[in-house]
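See below for the structure under consideration.
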Amino acid sequence: MGPVYARMRQYGHNRDGNTKTCLVDALTPFEDDIILDIGTGPGMYAMDIATAAPSCRVVGIDISETFIDIAKESASSAKISNVEFALGNIESLGFADNHFSKIICAGVISVVHQRKQAINELARVLRPGGTLAVREPCRSTGAFSRFVFGLPSESRIRGLCTNAGLLGGHFSPGFMSKAEIEDLFSETAFSSVELEEHGRDILITATR
Ligand SMILES: C[S@@+](CC[C@H](N)C(=O)[O-])C[C@H]1O[C@@H](n2cnc3c(N)ncnc32)[C@H](O)[C@@H]1O
């Protein structure tokens, strides 16, 4: 599945101009930064940033060994030398406090079990004054979505909508609403948190 997902994700990533640019722009200007791409998957954001910012060091971390192998292979083929990839878990990162100056986190928090723990862990490894840029698919709170989520979880209609929504990324029960994302960032070490809707995604820029 890993290689198939990597190809599909690469296709989506290439077509994803505006949102992708906004997410990466939230971390600019790049100086001599050390940047974490947490939940890097096939490593596309990590490699984009490493290419755009040759004076920076980029570290891509993922819980999946398959993705880390794919990312390492891609960086090696593209001869990108200022990026490295390693296994790790967002809920418990093996880095010292204040290790990174910037962090990018795309599509990860909604698939993690201990979400608050993950946010606190990102705050721990980010230097004071550092920036976190997050991209999350945003669950719809429209009338249809409220109707679907009002149905019993075993309901056939809800199952069909959820499955269809998983493809479109709108009705997945794992995805958070804007209010849930805001709540997740409350009472954390981040001093300023800005949320911006981009189509079905939400971009969060937070300063430590
Ligand atoms: C939807 S993919 C996004 C991949 C990449 N950020 C992108 O935008 O192409 C979610 C990624 O999070 C990783 N992941 C899931 N749980 C994780 C955890 N606890 N710690 C680190 N990575 C995790 C998955 O292996 C997967 O690569």
Side-chain angles (χ1 to χ4, degrees), residues 1-28 30 33-95 99-113 115 118-119 121-122 125-126 131-138 165-170 172 174-176 198-205:
M1 272 309 281
V4 175
Y5 174 82
R7 277 182 189 278
M8 284 169 54
R9 187 67 193 95
Q10 184 69 58
Y11 177 75
H13 191 66
N14 293 344
R15 290 169 52 94
D16 192 24
N18 188 30
T19 309
K20 176 173 69 179
T21 304
C22 287
L23 185 62
V24 175
D25 279 357
L27 300 179
T28 58
F30 294 120
D33 290 303
I34 171 158
I35 303 169
L36 171 65
D37 177 17
I38 182 64
T40 190
M44 286 166 309
Y45 278 109
M47 287 186 282
D48 280 355
I49 294 171
T51 305
S55 64
C56 298
R57 197 156 72 80
V58 184
V59 181
I61 297 290
D62 202 281
I63 204 163
S64 154
E65 197 164 3
T66 306
F67 280 138
I68 291 301
D69 288 345
I70 291 171
K72 282 181 177 171
E73 177 62 35
S74 302
S76 164
S77 308
K79 297 192 170 37
I80 305 172
S81 57
N82 58 329
V83 66
E84 61 198 82
F85 294 99
L87 278 175
N89 186 341
I90 192 174
E91 294 168 4
S92 173
L93 290 164
F95 295 100
H99 187 77
F100 294 98
S101 54
K102 291 169 182 169
I103 300 178
I104 189 164
C105 179
V108 185
I109 294 165
S110 50
V111 300
V112 160
H113 294 297
R115 294 173 176 173
I119 302 294
E121 193 59 353
L122 296 184
V125 298
L126 185 63
T131 307
L132 167 69
V134 177
R135 172 186 190 168
E136 276 300 317
C138 189
L166 276 175
L167 297 175
H170 209 33
S172 167
F175 294 165
M176 291 171 280
H198 270 248
R200 290 180 166 187
D201 283 338
I202 193 144
L203 303 188
I204 304 116
T205 310

- Once you round to the nearest 0.5 Å, how far does CD1 of Ile204 lie from CG of Leu23? 9.5 Å
- With a 4.5 Å heavy-atom cut-off, do Phe175 and Ile202 have their side chains touching? no
- Message: How close do Leu87 and Ser64 get, counting heavy atoms only, and between which atoms?
- Response: CD2-C, 3.7 Å
- Just by distance, do the side chain of Ser77 and the backbone of Glu73 share a donor-acceptor pair under 3.5 Å? yes
- Look at the side chain of Glu91 and the backbone N and O of Val112, then say whether any donor-acceptor pair between them is shorter than 3.5 Å. no
- Note, Ile80 side chain near Val58 side chain (heavy atom, < 4.5 Å): no
- Query: With distance as the sole test, does Asn82 use its side chain to make a donor-acceptor pair with the main-chain N or O of Ala50 at under 3.5 Å?
  - Reply: yes
- Shortest non-hydrogen contact from Ile68 to Gly60? CD1-O, 4.1 Å
- Item | Donor-acceptor pair, side chain of Glu136 and main chain of Val108, under 3.5 angstrom | yes
- Using a 4.5 Å cut-off on heavy atoms from C-beta on, say whether the side chain of Ile90 contacts that of Glu121. no
- Flag the pair Leu93 / Leu36 as yes when at least one side-chain heavy-atom distance between them is below 4.5 Å, and no otherwise. yes
What pairs of donor and acceptor atoms, side-chain ones from residues 40-48 against any protein atom, are under 3.5 angstrom apart with sequence neighbours left out?
from  : atom 1 : to     : atom 2 : distance (Å)
Thr40 : OG1    : Asp37  : OD2    : 2.7
Tyr45 : OH     : Arg135 : NH1    : 2.8
Asp48 : OD2    : His13  : NE2    : 2.7

- Message: Just to verify, what does Ser101 make a side chain to side chain donor-acceptor pair (under 3.5 Å) with, not counting sequence neighbours?
- Response: Asp33
- Query: Roughly how far, to the nearest 0.5 Å, is the CZ atom of Phe100 from the CZ atom of Arg57?
  - Reply: 7.5 Å
- Message: Quick check for you: to the nearest 0.5 Å, what is the distance between Ile49 atom CD1 and Ile35 atom CD1?
- Response: 5.5 Å
- Message: Tell me the closest heavy-atom pair linking Pro137 and Asp201, and the distance in Å.
- Response: CA-OD1, 3.4 Å
- Message: Tell me whether Arg115 contacts the main-chain N or O of Ile109 through its side chain, where contact means a donor paired with an acceptor under 3.5 Å.
- Response: yes
- Drop me the distance from Glu65's CD to Lys72's NZ, to the nearest 0.5 angstrom. 8.5 Å
- Report the distance from atom CD1 of Ile104 to atom OG1 of Thr131, rounding to the nearest 0.5 Å. 11.5 Å
- Query: About how many Å separate CD1 of Ile63 and CD1 of Ile38, when rounded to the nearest 0.5 Å?
  - Reply: 9.0 Å
- Kindly give the heavy-atom pair with the smallest separation between Leu132 and Cys105, and that separation in Å. CD1-CB, 4.4 Å
